[in-house]
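The structure under discussion appears below in the form of structure tokens.
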Amino acid sequence: MIQMFHVSKSYEGGVPALADITLKIGKGEFLFITGPSGAGKSTLLKIMFGSEPPTQGQLILDGRNYIKIPQPELPALRRRIGFVFQDFKLLPNKSVFDNVALSLKVMGIPPSDVKRRVARMLTYVKLQHRANFKPLQLSGGEQQRVAIARAMVKDPAIILADEPTGNLDPELSVQIIELFKEVNSRGTTVVIATHDKALIEKYARRTIALEGGRLVNA
Amino acid sequence: MRKSGSADFVYIISDALSSLKESKGTTALTSLTLGFSLAIFSLFVFVISNLNGVMEGWGEKTQIVVYVKDNVSSAEAMKDSIMKVAGVRGAEFVSKEKALSELKGALKGYEGILEGVDANPLPASFEIKVLEENNSPEGIAKVVGELKARDWAEDVQYSREWVEKLASFIKFMKIAAIGVGVFLGAATLFIMSNTIRLAVYARRSEIEIMKLVGASDMYVRAPFVIEGAVQGLFGGILAFAILAAGRAAIIGQVPSYLAFALEMPFPVPVFLLALIMAGVVMGVAGSLISMNRFLDV
């Protein structure tokens with residue numbers, strides 16, 4: 001599903017964020033990326049998502065080889081990937097329903113289908129009673145679940161999640177990982193960046209570790 | 001996978017409408033800025049058009065008078081001869097009798113001056129207008145030279161100083177109008193583009209999020225374009241209302257020699273349509289240009 005060959009990324013001024021990453025993630029796989037803050041976890045996810053081009057190396061997504069994903073192809077690629085952002089990236093002036101619906105609307109899904117699928121997804125993440133609330137009226141955990149619902153509602157081939165349990169208590173963290181496990185059981189590839197060691201130990205899935213932008217186990 | 005273009009259209013329109021509703025304050029502020037900027041620029045165009053009309057009217061006035069010798073030639077023959085001179089647009093014959101009656105009119109109350117004058121001492125004359133391309137000090141001098149050569153011409157008069165002053169005044173006004181117009185146009189565009197840029201900047205995270213969930217550039221742009229057009233429409237109407245209200249407020253109080261500045265240079269519907277179109281074009285262009293740099297996510 002995702003293959004990376006000798007991928008490196010450095011920012012202006014030559015600061016290396018990732019160095020020589022070679023990695024293969026199979027279809028339907030559930031993978032944790034771990035490592036301390038600044039290890040390059042977010043950068044790795046952003047490269048997979050096409051929002052950061054690698055400085056070097058190649059990326060194969062769904063059988064297509066990208067050195068840099070061309071701008072016109074990005075929307076189509078992003079509709080196949082659900083990204084859960086560390087800072088949620090919810091629209092503060094839109095309701096929970098509208099935030100989740102956005103994923104489907106940009107795909108041109110008819111309004112009646114959008115209504116049905118969003119309602120089902122909100123029930124799935126146990127937020128049906130919050131549909132008309134604005135994000136800022138919700139707790140951190142609830143906002144996190146809205147972001148997850150938005151990523152999952154389009155039935156993506158891949159879900160990339162950047163610290164999805166970052167600010168949550170252990171009980172809520174488990175609930176959220178259970179959501180990912182469930183969607184993974186239906187065939188979606190799930191990649192989660194986290195520094196929560198307890199969570200990784202609890203779920204015993206394939207884990208890769210980054211340190212200073214390098215892969216230390218794969 | 002893309003599903004439906006008609007659904008896109010529905011979403012774009014409903015997004016634009018809900019966003020206009022949510023950002024009433026910004027929409028009103030942008031429309032207001034557009035309206036006032038357009039009104040200032042239009043006021044300038046308005047005054048310049050009227051001034052141009054007045055100056056052209058001055059140029060239309062008789063520029064040359066040829067006094068003719070008595071009983072030398074018929075009026076028709078002389079007129080034909082004048083019309084053959086290159087640069088002449090028209091010639092009007094003023095007979096001796098008409099000249100005398102005009103003089104009597106001018107001397108109203110002092111008719112006694114003419115008592116004892118038996119024969120009509122005034123010469124007949126032609127009042128001559130020149131073509132626009134000859135309406136310069138050089139062009140008029142050329143026509144005068146040719147007229148003086150006619151053997152029936154007693155004298156040819158024209159106000160050289162007036163012609164030269166008018167020509168240089170019109171030239172100055174044209175240069176000044178271009179200068180002020182460019183300056184005002186640039187200032188108007190600057191104010192409007194900054195207002196729109198600020199409004200778009202406030203929504204940059206919305207643009208970013210839409211791009212991140214897979215919206216195409218067209219999908220992201222469309223509501224902004226619609227909003228820009230609506231703001232431009234309101235701005236255009238507002239500019240018209242400001243100008244119409246301003247004109248109505250001062251129309252009776254302007255001295256008659258300045259009244260020309262308040263004349264409508266264009267038919268009202270054309271003026272309104274032009275203002276609305278200018279507002280819409282600026283609103284749309286401003287939105288498109290301002291949001292472009294936020295699309296690269």
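Here is how names work: the chains are called A, B, and so on, in the same order as the sequence lines, proteins then strands, and each is numbered from 1.
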Which portion of [X] sits near chain A, non-hydrogen atoms under 4.5 angstrom:
{"X": "B:Glu206", "answer": "both"}
{"X": "B:Ser18", "answer": "side chain"}
{"X": "B:Ile12", "answer": "neither"}

Next item on the list: Let me see the working for B:Tyr219 and B:Tyr11 under ring-ring contact (aromatic ring centres under 6.0 Å, His included), right down to the final yes or no.
Entry: CA-CA 9 Å; B:Tyr219 189 96; B:Tyr11 294 138; 7.1 Å; no

Note to self: What part of A:Leu74 gets within 4.5 angstrom of chain B, counting heavy atoms only: side chain, backbone, both, or neither?
What the structure shows: side chain

Margin query: If I measure from the heavy atoms of chain B, does A:Leu90 come under 4.5 Å with its side chain, its backbone, both, or neither?
Written below: backbone

Note to self: For B:Ser19 and B:Arg203, which I'm curious about, is there any donor-acceptor pair between the side chains at under 3.5 Å?
What the structure shows: yes

Check: Side chains of A:Glu163 and A:His195: is there a donor and an acceptor less than 3.5 Å apart?
Finding: yes

Item checked: Note: A:Asp155-A:Arg117 ion pair, threshold 4.0 Å (strictly below) -> yes

Notebook entry, point to check: What option among B:Leu212, B:Asp15, B:Val213 has the most heavy-atom pairs under 4.5 Å with chain A?
Noted result: B:Leu212

Notebook entry, point to check: Hey, is the main chain of A:Arg205 close enough, under 3.5 Å, to the side chain of A:Thr207 for a donor-acceptor pair?
Noted result: yes

